[in-house]
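Reading through the structure tokens given below for one structure.
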Amino acid sequence: MAFWHRFFKRQIPTGRATSVDRLGTLSPYRSRTTDILKELRRIPEEAEAIDFLRKKTPDVSMAGWNFIRLANQGHTMEFYDKRGNRMKRAETKWREFAERVNAISNSGMDGLIDQIHASAFFRGAMGVEVEVDKTRTDIVDVYPIIPQTIEWELEQRDGRKVWIPYQQQGMKKVSLENANFFWVPVDPDIDDPRGNLAMTPVLWAIDFQLQILQDLQAVLHHQGWPRNDIEIDREAFMKRIPPEFNNNPMKQREWFQEEWRKLVDSFKNLKPDSDYIHFDDMKVNMQQGANAGRSLDVRAIDELVSVQVLNGLKQMGILTNRVGGLGQTESWGSITFKIFCDGIASIQRGSKRLMEEIARLWLRVNGMQGTPVFTHNVVDWENEEQRYKVKLMKQEFYAIAQLMKWIDGDVCAQEVMGAEKAVGEPEDIRVSFSMGGNDGVYDGEGELQQGKVLPMRRRDVRT
């Protein structure tokens with residue numbers, strides 16, 4: 001057996017084939033983008049543009065936060081032998097491995113899962129490479145791969161055409177065919193291993209949103225604040241021109257421009273609480289400015305843009321503070337949240353497959369045979385009140401079944417409380433039914449007794 005373990009281990013590639021295209025020094029300082037829209041339009045590649053927006057714009061940042069935090073609610077890794085028994089020793093060793101993996105961030109397996117989920121949501125695929133040490137007795141680390149660094153070429157292998165992954169490293173193109181490279185695309189097209197960017201539609205929506213916000217800023221500056229309509233009596237003003245300028249149009253124009261500049265400067269230098277003091281050849285209208293009759297419905301524009309942004313981000317209004325404005329109400333919150341969690345579960349199935357591939361290689365390296373089962377913790381989309389309401393409905397259902405003598409008390413106890421048998425007999429409690437608007441009760445034989453309440457040895461159940 002030891003010979004075959006050593007034989008199969010020799011088939012495992014060692015070392016690392018992929019590389020990171022970064023400079024040798026990482027500064028702790030991050031540059032700030034002043035014109036996000038202009039910078040966005042300079043980025044030609046979709047994934048880079050989406051990643052840029054994730055770090056710069058509130059809506060895309062919130063989408064990333066929701067996706068990544070909800071997709072990783074904790075997990076369990078179990079190993080089973082051929083007989084279906086739990087491999088406790090393997091699980092203990094795996095926990096030690098999971099704590100030291102992803103050493104660059106010191107965040108362990110949880111941090112690695114967050115990174116590959118972010119790659120799935122914002123880059124269209126999940127890819128990792130597992131580095132095995134030279135002795136093939138341990139795994140050095142697991143490295144998440146940026147999907148946009150992987151190129152695919154259709155090549156012949158054993159008489160079949162298959163897609164082979166490559167990575168461009170400087171002037172060299174490295175094949176990952178024989179590396180410990182694992183890849184799970186998101187919603188791939190037919191005969192295309194690259195995967196699709198789920199966030200691509202948001203690029204247009206965010207571009208439009210940023211442009212609208214810039215335009216609204218200009219409109220608000222122009223129309224959103226009270227303005228004074230200052231009227232100058234041109235005829236009275238012209239009478240004040242010095243007599244020596246009467247026959248000199250050039251001098252008249254210069255004098256007029258100078259007086260105009262003085263007036264403009266004087267009004268600009270007024271404090272908010274200053275009084276207006278002027279001659280009778282000038283009128284200051286503070287009641288009806290030039291834009292008093294014009295208005296702009298900013299809320300309607302925001303709702304129009306928000307729908308496009310939320311659809312592009314695959315978000316629900318309840319998760320992005322859009323409750324009420326887009327037809328969302330609190331009563332529908334749990335339903336929309338469940339739909340959102342179902343979308344997250346589809347991404348979790350991809351990361352589950354990836355983690356189990358890593359675990360299978362880890363078992364081989366450690367000389368163990370078994371089946372890994374990786375399970376994500378389910379996102380809790382129901383609140384405590386909703387759960388108890390469902391429990392109460394279940395209790396009422398079985399209480400009615402027992403009342404109608406369809407099942408006995410022991411079955412009710414097993415289904416509702418998980419107990420083996422019912423504890424004692426129910427006391428004499430009056431039971432009333434109100435069904436279909438009839439003011440009456442049903443007797444034990446199913447006949448409606450108008451206006452009567454029947455004493456029965458069952459719980460009080462109202463429906």
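- In this structure a side-chain-to-backbone donor-acceptor pair under 3.5 Å is present from Arg136 to Ile12.
- Judged purely by distance below 3.5 Å, without hydrogens or angles, the side chains of Asp114 and Asn72 pair a donor atom with an acceptor atom.
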- [ ] Would you check, one step at a time, whether the test side-chain contact (heavy atoms from CB on, under 4.5 Å) holds for Arg86 with Tyr80?
- [x] CA-CA 5 Å; Arg86 291 275 294 275; Tyr80 295 89; 3.5 Å; yes

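- Electrostatic pairing of Arg360 and Glu357 counts as a salt bridge here, judged by a charged N lying under 4.0 Å from a carboxylate O.
- Listed for the Asp187 side chain is no donor-acceptor partner under 3.5 Å among the backbone atoms of Asn196.
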Open item on the list: Set out, in order, the CA-CA distance, both residues' side-chain angles and the distance that settles salt bridge (Lys or Arg N to Asp or Glu O under 4.0 Å) for Asp265 and Lys268, then state yes or no.
Closed with: CA-CA 5 Å; Asp265 291 343; Lys268 284 185 176 180; 5.5 Å; no

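- Of all heavy-atom pairs spanning Ile43 and Ala49, the tightest one is CG2-N, 3.6 Å.
- Nearest heavy-atom pair across Ile407 and Cys412 is CD1-SG, 3.5 Å.
- Taking the side chain as every heavy atom from C-beta outward, Ile116 and Met355 approach each other to under 4.5 Å.
- Residues Phe97 and Val142 meet the side-chain proximity criterion, which asks for heavy atoms closer than 4.5 Å.
- In this structure, CD1 on Ile347 lies 6.0 Å from CE on Met126, to the nearest 0.5 angstrom.
- Remark: side-chain polar atoms of Gln348 are paired, donor with acceptor, to backbone N or O of Ala71 under 3.5 angstrom.
- Between the side chains of Asp59 and Thr57, no donor N or O sits under 3.5 Å from an acceptor N or O.
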Task: Derivation of the salt bridge (Lys or Arg N to Asp or Glu O under 4.0 Å) call for Arg194 and Asp192 - done: CA-CA 6 Å; Arg194 294 175 299 174; Asp192 188 340; 2.7 Å; yes

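- No more than 12 heavy-atom neighbours from other residues, nucleotides or ligands sit within 6.0 angstrom of CZ on Phe397.
- For the pair Ala205 and Val305, the tightest heavy-atom approach, listed with the atom from each and the gap, is O-CG1, 4.5 Å.
- The closest side-chain heavy-atom distance from Arg89 to Met368 is below 4.5 Å.
- The shortest heavy-atom contact between Ile50 and Val60 is O-CG1, 4.4 Å.
- Side-chain contact between Ser351 and Val184 is absent, with no heavy-atom pair separated by less than 4.5 Å.
- If you take CG on Asn366 and CG on Asp138, they are separated by 6.5 Å, rounding to the nearest 0.5 Å.
- To the nearest 0.5 angstrom, Trp94 atom CH2 is 11.0 Å from Glu91 atom CD.
- Between Trp183 and Trp152, the gap from one ring centroid to the other is short of 6.0 Å.
- For the residue pair Glu39/Thr33, the side-chain donor-acceptor check at 3.5 Å is not satisfied.
- The existence of a salt bridge linking Arg95 and Glu99 is excluded, since no basic side-chain nitrogen approaches an acidic carboxylate oxygen closer than 4.0 Å.
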- [ ] Given salt bridge (Lys or Arg N to Asp or Glu O under 4.0 Å), test Glu48 with Arg123 step by step and report yes or no.
- [x] CA-CA 8 Å; Glu48 294 300 324; Arg123 291 188 173 272; 3.3 Å; yes

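- Annotation: side chain of Glu46 is in contact with side chain of Leu203 (closest heavy-atom distance under 4.5 Å).
- Ring centroid separation for the pair Phe122 and Phe52 does not come in under the 6.0 Å cut-off.
- Of the possible polar contacts, one joining the Gln414 side chain to the Glu420 backbone as a donor-acceptor pair under 3.5 Å is found.
- In terms of modelled atom types and a separation under 3.5 Å, the side chain of Thr14 and the main chain of Val132 share no donor-acceptor contact.
- Note that CD of Gln115 is 10.0 Å distant from CD1 of Ile146, once rounded to the nearest 0.5 Å.
- Between the side chain of Gln169 and the backbone N or O of Ala17, at least one donor-acceptor pair lies under 3.5 Å.
- In the model, Asp215 has a side-chain atom that pairs as donor or acceptor with a side-chain atom of Gln211 under 3.5 Å.
- A distance of 12.5 Å separates CD of Gln402 from CD of Glu415, quoted to the nearest 0.5 Å.
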- [ ] Check the pair Met199, Phe67 against side-chain contact (heavy atoms from CB on, under 4.5 Å), reporting the backbone distance first and the verdict last.
- [x] CA-CA 12 Å; Met199 299 293 180; Phe67 275 129; 3.2 Å; yes

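- For CZ of Arg157, the number of neighbouring non-hydrogen atoms (other residues, nucleotides, ligands) closer than 6.0 Å is greater than 12.
- Within the 4.5 Å cutoff, side-chain heavy atoms of Tyr166 are placed close to those of Glu155.
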- [ ] Verify side-chain contact (heavy atoms from CB on, under 4.5 Å) between Phe79 and Lys93, making sure each step is shown before the conclusion.
- [x] CA-CA 11 Å; Phe79 295 94; Lys93 290 190 65 176; over 6 Å; no

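- In summary, the side chains of Arg16 and Thr18 do present a donor paired with an acceptor at a separation below 3.5 Å, with no hydrogens or angles considered.
- The main-chain N or O of Glu131 is never found under 3.5 Å from a side-chain atom of Asp141 such that the two would form a donor-acceptor pair.
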TODO: May I have the step-by-step check of salt bridge (Lys or Arg N to Asp or Glu O under 4.0 Å) for Lys173 and Glu151, ending in yes or no?
DONE: CA-CA 9 Å; Lys173 197 171 187 178; Glu151 299 178 3; 3.3 Å; yes

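- For the pair Glu129/Leu176, no side-chain contact is recorded, criterion being any heavy-atom separation below 4.5 Å from C-beta on.
- Here the straight-line distance linking atom CD1 of Ile113 with atom NZ of Lys352 works out to 11.5 Å at 0.5 Å rounding.
- Of the possible donor and acceptor atoms, one in the side chain of Asn377 sits under 3.5 Å from a partner among the backbone N and O of Gln73.
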Open item on the list: I'd like to know whether Ile206 forms a side-chain contact (heavy atoms from CB on, under 4.5 Å) with Ile36, so could you lay out the CA-CA distance, the side-chain angles of the two residues, the decisive distance to 0.1 Å, and finally the verdict.
Closed with: CA-CA 10 Å; Ile206 290 293; Ile36 296 176; over 6 Å; no

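- Remark: aromatic rings of Phe374 and His75 are close, center separation under 6.0 Å.
- With hydrogens and angles disregarded, a donor-acceptor distance shorter than 3.5 Å links the side chain of Asp133 to the backbone of Thr137.
- Residues Pro201 and Gly312 share a closest heavy-atom pair of CB-CA, 4.1 Å.
- Checked by atom type and distance alone, the side chain of Lys314 never pairs as donor or acceptor with a backbone atom of Phe121 at under 3.5 Å.
- The shortest non-hydrogen separation linking Ala125 to Ser119 is O-OG, 2.6 Å.
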